[in-house]
Amino acid sequence: MRGDDTSGSQHDWMDHDAGPVVRPYMMTGGRVRPAVGGFDLVAFVVAAVTSGDSRAESLQPEHRQILRLSQGPISVAEVASYLDLPLGVVRVLLADLLTADLIAMHEPSSAPSFPEDDILKAVVNGLRAL
């Protein structure tokens, strides 16, 4: 907080240059793990409601921002980046929205099985022949 504030209204939760300062644990109610889901970094989030939905009005500002961002598919990593919040906090906020059926998650498909050894050997032999 700046010492040159002459208005006489100095608050610990207000930074003159940055605005209100809220610790991440306050956004999550002290929770450090999501109640549901693991939320892979490359998983896509899509809002299940429009940003003007009445259920969104009672949410925290961060929840509403996530709903606005996720009107189209967006990855968990991008959400954390746009909100400028730690990934753990974003995962907890996403779990809140998922539990309330306000978002849908699309996890990346698991890696396909590896090719047969014969195919890999043929590729290696072909590369060596070059």
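Only this structure's heavy atoms are used, side chains among them; waters, hydrogens and symmetry mates stay out. Because the structure is predicted, anything quoted here is derived from the model rather than measured.
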Could you tell me the separation between the [atom1] atom of [X] and the [atom2] atom of [Y], rounded to the nearest 0.5 Å?
| X | Y | atom1 | atom2 | answer |
| --- | --- | --- | --- | --- |
| Leu69 | Ile74 | CG | CD1 | 5.0 Å |
| Ile66 | Leu85 | CD1 | CG | 8.0 Å |
| His63 | Asp96 | NE2 | CG | 3.5 Å |
| Gln60 | Leu93 | CD | CG | 6.5 Å |
| Leu102 | Leu67 | CG | CG | 5.5 Å |

Handout entry: Pairwise side chain to side chain donor-acceptor pair (under 3.5 Å) hits with a residue in residues 77-88, at least two apart
Key = Ser75-Glu78
Practice task
Spell out, yes or no, whether Val42 and Val90 are grouped together once hydrophobic residues are joined by side-chain heavy atoms under 4.5 Å, including indirect joins.
Solution key: no
Problem - Common cluster, Val79/Leu87, ILVMFWY with side-chain heavy-atom separation under 4.5 Å - result: yes
Exercise for the section: Tell me, please, which residues at least two apart from Ala43 pass side chain to side chain contact (heavy atoms under 4.5 Å, CB included). Expected result: Asp40, Val76, Met105, Glu107, Pro108
Completion exercise
Gln65 meets the side-chain hydrogen bond (donor to acceptor under 3.5 Å, both in side chains) criterion, sequence neighbours left out, with none
N/O donor-acceptor pairs under 3.5 Å from side chains in residues 114-126, not counting sequence neighbours:
from	atom 1	to	atom 2	distance (Å)
Asn125	ND2	Lys121	O	3.2

Completion exercise
Closest non-hydrogen contact found for Ile103 with Ser70 is CG2-OG, 4.3 Å
Exercise for the section: Flag the pair Pro73 / Val46 as yes when at least one side-chain heavy-atom distance between them is below 4.5 Å, and no otherwise. Expected result: yes
